[in-house]
Amino acid sequence: MKKKNTQNINLPIKFQKRLSYIYRIENVNYLLNYKFLLFYIFSFTFFNTSSQEANNKDLSVFLNKDIFNKVLSKAKYPIVLMEKRNPGPPDGLEYKSDFVIDIDETDTPLFLYTGEEAKEIYSWAVDDENIKGQNGETIVANGSVVSIDNEVKSNITQSWNLLRKDAEDVLEDYEEFKQAQENGVIEKSEKYPWPENLKHEDFKIIAYESFEDALKHMNTKNLKGFKVGAKLKYLKVQIPSQPNIQFKSPTFPINQFVVKTTATGELWAKIPKIRCVKRCRIGPIKFCCGWKVSWVWRRVASVTLSPIVKANAIVKFSTPKNEKVLAKGEFTKLRLDHFILRKIPLRGIANRYIKNLELEIFDVRKWLVTIPVIDANIGLKKISIPPNNDGVEVIVELK
C-alpha cells in the first residue's frame, strides 16, 4: 500500500486540540488531509468577523436586517403589545409626586392637574371659557368642540351644579328658619348654625355666581381642597400592520412608527359635599342644626379614544445568561391628544407592562451544536454584540 502524501500545517493550538479530539487524530499537523483543511478554512471564514471588535474572537454570526423584516412580514397583525384594565402606576419614579391612589379601592393612580389647570377645565365647562395649554395655546376652543367633549363638558358642569344645589338647600333651610323667626315660632336671638364659618352671602356666591368667582371666594374663606385628576381605566396598544424598521445593533431607535392605542380616561374632581347630619324641631318648624362640609372625590366624566397614532420607541439587544440574544423595546413617546388622556403618562404605563416582553433573536448554544468542530468539551465563554448599522452581529468567545 502506498503511503499517503501529507503536509505539515501550522494551525492554532486550540483548534489542533479540538480537531484531534473530534476525529481522534493524534497528530493533526501531520495527518490532516486537504478535506479537513478546506472545512477549517471555510468555517473560519464564515464564522469569523472582519470587524475590529472580532479580533482574537473565535466565532461570529451576522444577522442581516433583511432577515428581521422577512420575519415581520410573516407575522399576524395586529400584534397586541399590552392590554390592561385599571393599570397600575407608570414605570419610573419621575411621576411619583404627580398622582394619588386608592380613591376608588384600586391601585390605579389618579394623575393630578395643577391648580391652574383644574381651574381652567372647570371654567371651560361651567363658565364657557377656553382651556389654555402650558404655552398659552387653546386646548379646547369653545364653540368648536367635538361631540365627545360636549358630553364631557356637560358632565363637568353637572358635578359643579351638585355643589350649587347643596348651597341652595342651605339657603332654603335658612329662609324657613328666618321665616319662623318672623312668625315668632323661633326666638330672634336664636342663631342659624352655618357650617364652616360660612354665612348667607357666602352660600349665595357658591350657588349663583360663576365657578371662578365661587372658587376664589371659597379660597378666601379657607375652604380649600378643590382638585382635579385624570385616571386611566383601560389601555391597549397594538401594532396594526408591519412596521418599516431599520435594525441596528446593539441599540436602535424607531421613530414615528404607527400604533393603535385604545384608552379610556376618567376625569375626577374633589368637590365639597354639604349635607345635613342633624335636624332639630322647634314647634312645627324643622330645620338643619348640624351642617357638615366634606371634600369627596367624584367621578365626573369618561372618554374613550382609539386612534392610530405615531409613537417613538427604542429597541435594545442583550445577552442575558450569556446564552441567547434577546430584544426588548420601550416607548420613548406615546400620547393621545385629548385634555383628559394627555395628562396621563401613557408611555410610562405602557412600559410598565412591556418591560418583561422579550423576543428571542438567536440561541447561541443551539447554533454551536451544529458546528462539527465544536464538541461538549468546548464551553461558551462570552457573547458580545458590537455596533453594526446593517443588522445584528453576534461575537462568540469559546473556552
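Side-chain atoms of Cys280 and Phe177, non-hydrogen and from C-beta on, never get closer than 4.5 Å to each other. Taking the side chain as every heavy atom from C-beta outward, Phe68 and Ile245 never approach each other to under 4.5 Å. Between Trp124 and Lys153 there is a side-chain heavy-atom pair separated by less than 4.5 Å. In this structure, the side chains of Ile383 and Val394 come closer than 4.5 Å at one or more pairs of heavy atoms. Residues Phe247 and Asn69 are in side-chain contact: their nearest non-hydrogen atoms beyond the backbone lie under 4.5 Å apart. Ile340 is listed as a side-chain neighbour of Tyr113, based on a closest heavy-atom distance under 4.5 Å. Between Asn161 and Thr157 there is a side-chain heavy-atom pair separated by less than 4.5 Å. In this structure the side chain of Leu215 reaches within 4.5 angstrom of the side chain of Lys119, judged on heavy atoms.
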Please tabulate, one pair per line, all N/O donor-acceptor pairs under 3.5 Å involving side-chain atoms of residues 323-337, not counting sequence neighbours.
unit_1	atom_1	unit_2	atom_2	d
Glu323	OE2	Arg365	NE	3.4
Lys324	NZ	Glu360	OE1	3.3
Lys328	NZ	Lys355	O	3.2
Thr332	OG1	Asn312	O	3.3
Asp337	OD1	Arg342	NH1	2.3

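Residues Phe211 and Phe226 place their aromatic rings such that the two centres sit under 6.0 Å apart.
Judged purely by atom type and a 3.5 angstrom limit, Asp127 uses its side chain to pair as donor or acceptor with the backbone of Glu212. Counting only distance, with no hydrogens or angles, the side chain of Asp202 and the backbone of Lys199 share a donor-acceptor pair below 3.5 Å. Distance alone, capped at 3.5 Å, is enough to place a donor-acceptor pair between the Asn183 side chain and the Gln179 backbone. Although no hydrogens or angles enter the test, the distance criterion places a donor-acceptor pair under 3.5 Å between the side chain of Arg352 and the main chain of Pro89. Without hydrogens or angle criteria, Gln181 side chain to Glu190 main chain gives a donor-acceptor distance under 3.5 Å. At least one donor-acceptor pair closer than 3.5 Å links the side chain of Thr108 to the backbone N or O of Asn86. The main-chain N or O of Lys70 is found under 3.5 Å from a side-chain atom of Ser73 such that the two form a donor-acceptor pair. Here the side chain of Asp213 pairs no donor or acceptor atom with the backbone of Glu209 at under 3.5 angstrom.
Summarising the local packing, CZ of Arg275 is surrounded by 12 or fewer heavy atoms from other residues, nucleotides or ligands at distances under 6.0 Å. Counting non-hydrogen atoms of other residues, nucleotides and ligands closer than 6.0 Å to CG of Asn197 gives a total of 12 or fewer.
Between Lys248 and Asn388, the side chains place no donor N or O within less than 3.5 Å of an acceptor N or O (distance only, hydrogens not considered). Inspection of the Glu83 and Tyr353 side chains reveals no N or O donor paired with an N or O acceptor under 3.5 Å. Gln158 and Trp160 share no side-chain donor-acceptor pair at under 3.5 Å. Tyr122 and Ser159 are linked by a side-chain donor-acceptor pair at a separation below 3.5 angstrom, with hydrogens and angles left out of the test. No donor-acceptor contact under 3.5 angstrom links the side chains of Asn322 and Thr319, judged on distance only.
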Open item on the list: I'd like to know whether Ile361 forms a side chain to side chain contact (heavy atoms under 4.5 Å, CB included) with Phe317, so could you lay out the CA-CA distance, the side-chain angles of the two residues, the decisive distance to 0.1 Å, and finally the verdict.
Closed with: CA-CA 9 Å; Ile361 301 299; Phe317 293 102; 3.9 Å; yes

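Using cut-offs of 30° and 60° for the angle between ring planes, the Trp194 and Tyr192 rings count as perpendicular.
Legend: disulfide bond (SG atoms under 2.5 Å apart) pairs involving residues 222-279, not counting sequence neighbours, sorted by first then second residue: Cys276-Cys288.
Tested against Leu59 for a side-chain contact (heavy atoms from CB on, under 4.5 Å), the candidates Ile395, Val396, Val364 yield a single pass: Val396.
Ile308 belongs to a hydrophobic cluster whose remaining members, ordered by chain and number, are Val258; membership requires side-chain heavy atoms of ILVMFWY residues under 4.5 Å apart, directly or through intermediates.
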